[in-house]
> 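Mind having a look at this structure? Questions to follow.
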Amino acid sequence: MITAKLILIFGYNEYAKEIALNFKHSHSDIYIYVINDNEYKNAKEDGFTVQLVDLDDDWTDIEKNFDISGLICFCSLNDDAENVFLTISLRSQYPNLNIVALATSQDSADKLKLAGANKTIAKLEATAHVIVESLEKPAVIDTMHDILYHNKDIRLAEFTVSKGSILENKRLNDITVNKEHNIIILAIADQEMDAEFTFTSAGHNHKIDADDVLVVIGKEKDLKNFEKAIK
Amino acid sequence: MSILSKGIVSLSYTLQTSSYYQKTKHFFYSVLEDDSYPYKKFFDYFMMALILSSVMLLIRGVKYPLSDITHIYNDYVISIIFLIEYLLRFWVYSSVTKEIVNQFEKDEFLGYRFRLFKALRKALTYKLKYVSSVYAIIDLLAIMPFFHQLRILRLFILFRALKIFRYTKSFQQFAHVFVTKKFEFITLIIFTSVIVSVSAVLIYVAESNNENSPINTLFESFYWSFVTLSTVGYGDFVPVTDLGRTVAMLIIISGIAIISFMTSIVVSAFTEQLEGIKEQKMITDISKMKRFYVVCGYSDIAAIVCKRFREDDISFVVLESNPDLFAKAVKAKLIAVLAEPSKRESYDSYGIDIKKQVLSVLCLQDTDVQNIYTALTVRSIHKDVEILSYLHDAKNKKKLSFAGVNKIIYPQELIGTLSQEFSGKHVAFEAINALRSQNTDVVIEQVLVDERIVTLHSCVEDLNIHKTKLILLGIYRNKNFIFNPQSDMEIKECDLLLIIGFKDMIKEYSLNLHKAMR
């Protein structure tokens with residue numbers, strides 16, 4: 001699992017602020033680039049490392065200041081058009097940079113995707129989705145939240161199947177080690193298929209190869225035992 | 001008080017307090033008169049079928065003799081059913097016993113002697129009001145063919161066709177439109193009558209003594225006048241004298257004016273009433289809905305929520321006070337009403353019963369001020385209904401909670417939390433994210449364990465989920481999550497099974513849980 005060490009956020013509105021606050025505990029290196037004085041002042045007041053930049057920049061100093069491979073950029077400017085411009089500028093300069101862009105609607109999110117963002121979050125759609133899910137499936141929302149953010153001792157984990165593992169060359173339906181350790185295998189990412197993941201409940205009796213990634217859910221101690229067992 | 005009065009009061013009290021009597025009366029009232037009663041439509045369809053069959057038999061009977069059975073059906077069966085219906089309507093229209101009890105209690109309170117006849121007179125007035133109503137008269141006339149010895153009364157069968165008005169709402173609305181333009185129609189009728197009369201007399205004077213003229217009688221003059229005025233002009237009677245032709249020219253011009261006038265009255269009446277008719281239909285539609293969400297405001301976020309609701313076949317009603325946004329909701333073909341969500345009357349006037357019908361109220365208006373105001377209104381109507389509100393500014397969060405909002409959605413916070421999922425190439429997060437997204441085939445759903453499921457399945461093993469491709473992630477019980485439960489674990493009513501799999505498969509599995517195992 002590769003987790004970004006550095007977080008660079010463009011813009012400092014309420015969304016950017018929440019993103020920064022969410023990473024504050026896990027990432028000590030959070031940098032904010034803003035394009036106006038007001039946002040500069042607000043970010044400074046909140047105690048973040050902030051720099052005033054120009055959208056017409058060629059962004060060469062990003063490479064100088066940060067390690068691109070461990071950097072994740074959040075494009076959170078207020079204006080969708082500016083966000084698209086920023087994303088396209090960053091992508092043209094850094095083909096491998098991990099860019100997450102915020103869009104007002106799905107329509108803008110699609111444009112950001114075309115502009116080269118790795119991930120996009122359509123604010124309206126994401127919020128509407130949560131509203132509907134929290135009304136229709138409150139138990140699912142609660143449980144997922146607890147699993148994702150480790151509020152309970154159950155958590156999500158991913159294990160790469162090593163060469164010589166007891167799982168190698170076995171069919172998904174034939175393995176029992178997960179049941180022995182009270183683990184649920186949720187999905188499998190097949191390296192032979194460009195690391196695309198498929199859900200186990202989709203019903204394919206997948207053949208497990210070395211380097212495949214298993215996405216599993218279980219209790220902390222069971223996960224540790226499971227990891228040992230599959231080695 | 002006389003023995004008769006005593007007996008009547010006693011009987012009235014007995015009937016008024018008899019739950020069986022009241023229930024029966026209420027049932028018949030619902031079937032006959034209450035449009036919101038779900039089974040009324042079946043009764044209406046049945047009656048319409050009777051009417052149509054009766055009219056068809058009348059038409060057939062004109063040229064072909066009817067068999068004895070059809071005679072019995074048409075003259076007795078249908079007539080008796082209509083008679084029963086007439087009597088039932090007469091019964092449920094008002095309550096005689098209620099009038100007697102009210103009068104008795106009033107007189108007791110004032111220390112008067114019980115005035116039985118006053119009570120009966122009042123009760124009778126109500127009943128007479130029913131009997132003299134247009135519908136009741138038509139109903140009575142439709143029963144008439146029963147007395148088939150009177151040949152002329154057989155024509156009364158046509159009143160059965162008129163009876164169909166009672167069972168079709170659109171006819172009633174059509175009639176209502178004409179009632180609203182009563183003054184204009186009366187003016188038109190008077191004007192037409194004057195023109196017809198004057199021109200008929202003139203044409204009679206001009207033509208009746210002319211040998212070549214086909215118009216010889218006053219009746220023919222009136223007939224010609226009416227046919228010409230209506231711009232139909234059959235041509236069977238034509239004036240031949242100069243005076244008669246001059247009258248014809250004048251009457252043709254008047255006819256065009258009258259037809260235009262009448263058309264404009266009808267069009268304007270419909271235009272004026274259209275909104276009212278639509279609103280009435282909306283009220284009926286809402287009253288028929290069982291459980292639904294109320295979406296207050298049709299903001300951008302509300303539009304997307306409504307779209308999701310529709311995709312998932314979830315019932316909802318939109319309340320929007322801004323005409324432009326309301327028009328947008330109507331254009332999106334949603335059940336929307338133009339009403340202020342923060343006013344109590346909005347819910348009352350559209351028959352929205354928050355306690356019985358509403359699952360949750362969603363405050364999705366454009367400002368926190370509006371959302372707080374709406375939340376307070378809804379909370380004042382019902383203290384337990386779930387309220388969800390969109391929060392625009394973090395500093396108003398407390399105010400929303402204070403207004404009684406149960407769930408607050410602050411998008412900035414939400415996006416902040418979501419952003420953590422993108423902090424690297426994290427397959428696990430991607431998988432979970434895909435599960436929660438509506439764009440993938442595999443989803444995570446909650447299935448409620450109801451009384452029937454508990455009766456049929458006692459433990460997790462019995463659920464037989466291991467025989468399917470579905471994954472039981474866990475059981476959600478009393479707000480606690482039991483992960484990957486053991487096969488011998490007992491299942492309880494109100495448990496929620498969190499299941500991962502294809503949406504349709506989960507749906508089918510959920511239905512199968514309600515079937516007894518073979």
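Letters A, B, ... are given to chains in the order of the sequence lines, protein chains preceding strands, and every chain is numbered from 1.
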> Could you walk me through whether F483(B) and I184(A) satisfy the side chain to side chain contact (heavy atoms under 4.5 Å, CB included) test, starting with their C-alpha distance in whole Å, then the side-chain angles of each, then the deciding distance to 0.1 Å, before giving a yes or no?
CA-CA 9 Å; F483(B) 172 72; I184(A) 289 176; 3.8 Å; yes
> Return the option, out of K307(B), E445(B), Q486(B), K479(B), with the maximum number of heavy-atom pairs under 4.5 Å with chain A.
E445(B)
> So for T417(B), is it side chain, backbone, both, or neither that comes closer than 4.5 Å to the heavy atoms of chain A?
both
> Using only non-hydrogen atoms and a strict under-4.5 angstrom cutoff, which residues of residues 408-416 of chain B touch chain A?
I409(B), Y410(B), P411(B), Q412(B), E413(B), L414(B), I415(B), G416(B)
> Which of the residues V130(A), N22(A), N13(A), I19(A) is involved in the greatest number of heavy-atom pairs with chain B at under 4.5 angstrom?
N22(A)
> Where does L473(B) contact chain A at under 4.5 Å (heavy atoms): side chain, backbone, both or neither?
both
> Answer yes or no: does atom NZ of K113(A) have more than 12 heavy-atom neighbours from other residues, nucleotides or ligands under 6.0 Å?
yes
> Determine the option with the most heavy-atom pairs under 4.5 angstrom with chain B, choosing from S134(A), A126(A), G218(A).
S134(A)
> Just by modelled atom types, is the L498(B) backbone N or O under 3.5 Å from a matching donor or acceptor in the K137(A) side chain?
no
> Given that the side chain runs from C-beta out, which part of I304(B) has a heavy atom under 4.5 Å from chain A: side chain, backbone, both or neither?
both
> Mind checking the OH-OG spacing from Y15(A) to S419(B)? Nearest 0.5 Å is all I need.
12.5 Å
> Enumerate the salt bridge (Lys or Arg N to Asp or Glu O under 4.0 Å) contacts for residues 359-372 of chain B, please, sequence neighbours excluded, ordered by first and then second residue.
none
> For residues L135(A) and L359(B), determine if any side-chain heavy atom of one lies less than 4.5 Å from a side-chain heavy atom of the other.
no
> Please classify the contact between Q106(A) and chain B as side chain, backbone, both or neither, with a heavy-atom cut-off of under 4.5 Å.
neither
> Using every non-hydrogen atom in the two residues, find where K407(B) and P138(A) come nearest and quote the distance to one decimal.
NZ-CB, 4.3 Å
> Is L21(A) in contact with chain B via its backbone, its side chain, both, or neither, using a 4.5 Å heavy-atom distance?
neither
> Would the number of heavy atoms belonging to other residues, nucleotides or ligands and lying under 6.0 Å from CD of E451(B) be above 12?
no
> Residue by residue, which of residues 382-395 of chain B have a heavy atom closer than 4.5 Å to a heavy atom belonging to chain A?
E386(B), L388(B), Y390(B)
> Counting only heavy atoms closer than 4.5 Å, note whether T104(A) contacts chain B via side chain, backbone, both or neither.
neither
> Is the closest side-chain heavy-atom distance between I131(A) and I301(B) below 4.5 Å?
yes
> What part of L214(A) gets within 4.5 angstrom of chain B, counting heavy atoms only: side chain, backbone, both, or neither?
neither
> To the closest 0.5 Å, what do you measure between CG (D300(B)) and OG1 (T127(A))?
11.5 Å
> Of all heavy-atom pairs between Y293(B) and E136(A), which one has the smallest distance, and what is that distance?
OH-OE2, 2.6 Å
> Would you say CG of D67(A) has more than 12 non-hydrogen atoms from neighbouring residues, nucleotides or ligands within 6.0 angstrom?
yes
> Going by the rule salt bridge (Lys or Arg N to Asp or Glu O under 4.0 Å), which residues pair with D312(B) if we only count those two or more places apart in sequence or in a different chain?
R308(B), K503(B)
> One pair to check against side chain to side chain contact (heavy atoms under 4.5 Å, CB included): D142(A) and F481(B). What are the steps and the verdict?
CA-CA 9 Å; D142(A) 269 10; F481(B) 178 62; over 6 Å; no
